[in-house]
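Every number for a ligand or one of its atoms is a count from 1 in the order of the listing.
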Amino acid sequence: MVAVSKTQPPERLAALLAAGQRVFGENRVQEAFAHWRDGPPGLELRLIGPLQTNKARDACGFFAVIETLDRPKLAEAIAREGQRLGRAPRLYVEVNTGEEPQKAGVRPGEADAFIARCRGEFGLAVEGLMCIPPQGEPPGPHFALTAKIAARNGLAKLSMGMSADFETAIRFGATSVRVGTALFGERPAPG
Ligand SMILES: *Cc1c(COP(=O)(O)O)cnc(C)c1O
């Protein structure tokens, strides 16, 4: 379980840490620094929000996992920073299963080619896929599609499911779920 700690105040983070949670998801690089720079050892921090190419260096140095790899320019930047640092974060390709124009992620029809390019051209070891189904649609078909793309590309990990639909996601093969409000309560407005 990835505890999604974006916009949560420190006392709520402390409560989850005290309960033994060590895997946390954040949407923004700067906020993740603020939350976790002085965190305890043994944390696994995951970037689950869109990553600008010019923040790839910071992200590669800080996160154990980047779940939002979705374009060649970003793959190139992550590969370059990985070389420089001598270590690369674990990577998930985000799939825009609903083909929503405002949402990040590769289109399902472009996923195979993109994964192949990440591996071949950029030498990146992609670990899994991530998806965020469209709001107001049954999520099952989106989870099924993501699982199918993962299977045919030899990817074992599936980051699928949030507070409202993690049980469905697990039925469709999620290996990690990203849960925010169901754990922490409603998020305060950002800023
Ligand atoms: C905020 C967020 C979540 C958590 O959402 P909840 O509904 O609060 O569980 C999960 N994944 C991503 C990508 C998010 O941005």
message = Counting C-beta onward and ignoring hydrogens, is there a side-chain heavy-atom pair between P134 and H142 closer than 4.5 Å?
response = yes
Could you tell me how the ring of F184 sits relative to the ring of F24: parallel (under 30°), tilted (30 to 60°) or perpendicular (over 60°)? tilted
shortest atom 11 (N) of ligand 1-to-protein heavy-atom contact is with R178 NE, 2.8 Å
re atom 10 (C) of ligand 1, the protein heavy-atom contact at minimum distance is M162 SD, 3.2 Å
- Message: If hydrophobic clusters are built by linking Ile, Leu, Val, Met, Phe, Trp and Tyr wherever their side-chain heavy atoms come under 4.5 Å apart, do Y92 and F172 end up in the same one?
- Response: no
* **R87 side chain vs C60 backbone, donor-acceptor pair below 3.5 Å** => yes
Per-atom filter on ligand 1: closer than 4.0 angstrom to a heavy atom of I132 are 13 (C)
Near T181 (heavy-atom distance under 4.0 Å), the atoms of ligand 1 are 6 (P), 7 (O), 8 (O), 9 (O)
Q: Answer yes if the side chains of S159 and E67 hold a donor-acceptor pair under 3.5 Å, and no otherwise.
A: yes
| said: For the residue pair S5 / E26, report whether a side-chain donor-acceptor contact shorter than 3.5 Å exists. | reply: yes
Anything under 3.5 Å between a donor and an acceptor, one on a side chain of residues 108-116, the other on a protein residue two or more places apart or in another chain? List them.
unit_1: D112; atom_1: OD1; unit_2: R152; atom_2: NE; d: 3.1
unit_1: D112; atom_1: OD1; unit_2: R152; atom_2: NH2; d: 3.4
unit_1: D112; atom_1: OD1; unit_2: N153; atom_2: ND2; d: 2.8
unit_1: D112; atom_1: OD2; unit_2: R152; atom_2: NE; d: 2.8

Counting heavy atoms under 4.0 Å, the part of E67 that contacts ligand 1 is neither
Margin query: I'd like to know if R187 contacts ligand 1, where contact means a heavy-atom distance under 4.0 Å to any ligand atom.
Written below: yes
Atom 7 (O) of ligand 1: of A182, S163, P50, C131, the nearest heavy atom sits on S163
In terms of heavy-atom contacts, T146 and T97 come closest through OG1-CG2, 3.2 Å
Atom 14 (C) of ligand 1 sits nearest the protein heavy atom K6 NZ, 3.0 Å
Ranked by distance from atom 12 (C) of ligand 1, the top protein heavy atom is I48 CD1, 3.5 Å
- Query: Quick one: does G180 get an N or O within less than 3.5 Å of an N or O on ligand 1?
  - Reply: yes
Numbered in order shown, the ligand 1 atoms found under 4.0 Å of a heavy atom of V179 are 9 (O)
